[in-house]
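Below you'll find the structure, written out as C-alpha cells, and then a few comments.
This is a predicted model, so every value here is computed, not measured. Protein chains get the first letters and strands the later ones, always in sequence-line order, with residue 1 at the start of each.
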Amino acid sequence: MSTSRPRPIGLLTATLALLRKDLLIEWRTRARLNAIIFFALATLLMFSFALGPDTKLLEKNAGGYFWLAILFASVLALGESFRVESENACMDGIRLAPADARAIFLSKALGNTLLLTALGVLLVPVMVALYGVRIVTSVVDLGLILLLGSLALSAPGTVYAAISSNARARDVLLPLLLFPLVIPALLSAAKATTLVLQGDPMRQFDSWAGLLGGFNLIYWGVGFLLFPRIIED
Amino acid sequence: MMTLSTQMLWILAATPGQVGSGRIVGGWGYVWACYGITVAMLVLYAVSLWVRRPKAPTDAKE
Amino acid sequence: MGKFIKWGLPALALVVLAAGWWLGLVWAPPDREMGDVQRIMYVHVPLQWVAMVAMAINFVVAISYLMKASWKLDAAAEASAEIGLVLGTAGMITGAIWGRPTWGVYWSWDPRLTSQAIMLVTYTGYLVLRRFVEDPEKRATWSSVVAIIGAINLPIVWFSVRWWRSLHQVQSTPKTVDPEMTLALRVSAFGMLFLTIWFLVQRYRQALAERQAEVALPDALPSDLAAAGGANSSRVA
C-alpha cells in the first residue's frame, strides 16, 4: 500500500529526478524523437497525397491535419514512453525506490508533453510550406494552443499508455482507448489552430483555448489521482 | 419501386393544405425496421447469455 | 426469489413490453407533425433510457471497486458495460432510422448523437481492455480506471460538440405529447427496464462465476505457486 510506504523525498523532487532521467535517456538515443518526427512528417505529406493537389482544400483543413499528425505520432511516443521502463524491469525498480507513484505520472506526462510540443514546433514550418498557410493572428496564440494541446494529449495518454503497455495487443489497445477520449481536445485544438491560420473575426479563440484548458485541468487531476492505482502491484 | 421519401413528397405535393404543416405521412417501413432490429438484437443477446450461462451453480465454491 | 428472477422477471418484462408497444403502435394517436414515424419513440427512447441506466451503474460500480475491491463489483461492472453497449447500439440504430424521415439524413453531427457514438466507442474499448488483460485483479482495477475516465469524458464531449456545431441549429422534436403517448412510452420503458434488469442479473452471475473460476485456477508457474502458498493468492475479497 502506498500510504505505508516511507516518503523521504518530496513529490516535486521525485518528479524532477524522474523527468531528468527520462530526458537524459531520450537525449542520448534520440530514437523516439526521430521516429515520431519522421512519422508525423510522413503523415502530413500523406494527407496532401490522399487529397490530391488541391491547395485550397489543404489550406482550409491545415489545422485539422496538423493535429491529426500530432495525434498519430503521440500514440507512438506514448507507447514508447513505458516501453523504456519495461526493459530490465525498470518500473519495479522505480516503484521499489521510495518515490511517490504520482511522481511517475507527472514525470512521464511532462516528458510526453515536452516531446509533443517539440514535435509541434518542428511541424509548424513544414505545415506552412506544405499546405501554403500563413499565421494570421499571432505566433503566441499558436504556441499557446500547441502547448495546451500537447498537455491535453499527454495526461490521459500517459494513464492509458501505462495500462496498455502491460496488456496484450498494446498497439491496438492504446489508440482504441485514447482516440475517443481526446476527441474534445483534438476538436478544440484543431479549431483554434484553424482560427490562428485563417483569422478570427469573431474572437472565438479564447473559448476554444478555455475548453482546452478545462480539459487539461480535469485530466491532469484525474490522472494524478488514479495513476497510483494502475501501477500498484 | 417507389421509395418512402418520394412517396412522402408526392403526398405532400398532392395535398397543398398539408404542405405548410409539414406532417410526415406514411413511414411505417421505418417503424417496423426499428422494432424489428431491436427485437432481433435483444433476442440475439438473450441467446448469447444462454450460450454463456455458467456451467456449475455459482455458489458451488465456499 | 431465484425462480422469480429466472422465469418470472423475463415473462413480466415481455408482457409489459408487448403491452407498451401495442399501446404505442396501435392505441396511441399518430404525432401531429411526424405522423406514424413518431411511433419509433416507443422503442428508441426506452432503449436510450435503459442504456443510460446501465452506464450509470457501470460508473458507480467502477468508483466503488476502487474504494473497496470485490469480485461482485467487478462482475457488475462487466455486466453493466456489456448490456449498456448492446442497448445503446440498438438505441443509436433506431435513432438513425428515425432521423431519416424526420431530418432527411441518417446521421447528423448533433451533440447527443455524437456523444453517444463516442460513448459506444469508449465502452467498446473498455470491453476490449477487459479481454486483453489476463490477471483478474489488474483487469478489474484498470478497467475501473478506464470506466471512470471514459464516463467523465462524456459531458465534455457533449459540450465541445455543441460548441463545434454552434452554427447549426440543434434539431429537437417539438414537444406535442398527448397523454396517450406518455402512457405508452411509460409502459414500454418499464418493460424495457425489467428486461434490462433480467439481462443484468444473468450476465452478472455469469461474470461472477467466471471470476471465481479464474481465481480458483492454480497458477501455471510453480514459483508463483510456492510464493503464494496456495492456489488462491488473490487480495480481492
Side-chain angles (χ1 to χ4, degrees), chain A residues 1 64 105 152 155-192 194 202 204 207-208 210-223 225-233, chain C residues 59 62-63 65-69 85 109 111 114-167 224 227 233 235-236:
Chain A
M1 284 289 109
F105 168 72
T158 302
V159 176
Y160 282 176
I163 289 175
S164 59
S165 69
N166 287 306
R168 277 191 294 137
R170 54 186 169 192
D171 300 317
V172 186
L173 202 53
L174 180 58
L176 191 58
L177 293 175
L178 188 62
F179 284 0
L181 192 72
V182 295
I183 284 171
L186 182 74
L187 206 142
S188 39
K191 202 83 180 171
T194 306
M202 309 275 281
Q204 292 171 316
S207 44
W208 288 116
L211 182 63
L212 211 47
F215 185 91
N216 273 314
L217 275 182
I218 291 170
Y219 282 109
W220 281 81
V222 170
L225 286 175
L226 293 182
F227 192 80
R229 299 304 302 268
I230 292 171
I231 61 164
E232 76 184 6
D233 212 356
Chain C
F59 181 57
I63 291 179
Y65 182 87
L66 288 187
M67 289 178 176
K68 192 182 180 308
L85 188 63
W109 293 102
T114 312
S115 317
Q116 198 191 1
I118 292 169
M119 179 183 89
L120 296 181
V121 177
T122 305
Y123 284 98
T124 309
Y126 171 87
L127 289 173
V128 170
L129 170 73
R130 293 191 64 96
R131 276 281 157 83
F132 282 164
V133 182
E134 267 106 21
D135 182 346
E137 280 175 44
K138 281 185 176 161
R139 182 202 298 140
T141 310
W142 292 352
S143 61
S144 300
V145 170
V146 170
I148 292 169
I149 292 180
I152 292 172
N153 197 38
L154 295 177
I156 308 176
V157 169
W158 193 81
F159 274 112
S160 60
V161 175
R162 207 171 59 153
W163 276 6
W164 183 48
R165 302 298 297 172
S166 55
L167 291 179
D224 280 7
S233 62
R235 281 195 289 113
V236 182

Between A:Ile163 and chain C, with a heavy-atom cut-off of 4.5 Å, which part of the residue counts as in contact: side chain, backbone, both or neither? both

Is there side-chain contact between A:Pro180 and C:Asn153, with at least one heavy-atom pair below 4.5 Å? no

Could you look at C:Arg131 and say if it's the side chain, the backbone, both or neither that has a heavy atom under 4.5 Å from chain A? backbone

For A:Tyr219, which residues count as a ring pair (Phe, Tyr, Trp, His ring centres under 6.0 Å) partner, sequence neighbours excluded? A:Phe215

Taking salt bridge (Lys or Arg N to Asp or Glu O under 4.0 Å) as the cut-off, I'd like each qualifying pair that reaches into residues 147-157 of chain C, sequence neighbours left out, listed once. none

Please give me the minimum heavy-atom distance between A:Tyr160 and C:Gly150, naming the atom from each residue. OH-N, 4.2 Å

Which atoms of A:Ser207 approach chain C - backbone, side chain, both or neither, heavy atom under 4.5 Å: both

So how far is it from C:Trp142 CH2 to A:Ser164 OG, rounded to the nearest 0.5 Å? 9.0 Å

Cut-off 4.5 Å, heavy atoms of chain C, and the answer for A:Leu173 is side chain

Search all heavy atoms of C:Val133 against all heavy atoms of A:Ala167 and return the closest pair with its distance. CG2-CB, 3.9 Å

Sequence neighbours excluded, every pair satisfying salt bridge (Lys or Arg N to Asp or Glu O under 4.0 Å) that has a member inside residues 171-181 of chain A: A:Arg83-A:Asp171

Ranked by heavy-atom pairs below 4.5 Å to chain A, first place among C:Thr114, C:Ile152, C:Val157, C:Val146 goes to C:Val146

Heavy-atom distance under 4.5 Å to chain A: side chain of C:Tyr126, backbone, both or neither? backbone

Whatever's closer than 4.5 Å to a heavy atom in chain A on C:Leu66 counts as both

If you count heavy-atom pairs under 4.5 Å with chain C, which of A:Leu181, A:Leu211, A:Ile218 comes out on top? A:Leu181

Part of residues 117-124 of chain C lying next to chain A, heavy-atom separation under 4.5 Å: C:Ile118, C:Val121, C:Thr122

Can you tell me how far CZ of A:Arg229 sits from CD1 of C:Ile148, rounded to the nearest 0.5 angstrom? 9.0 Å

In terms of heavy-atom proximity below 4.5 Å to chain C, should A:Ile230 be classed as side chain, backbone, both, or neither? both

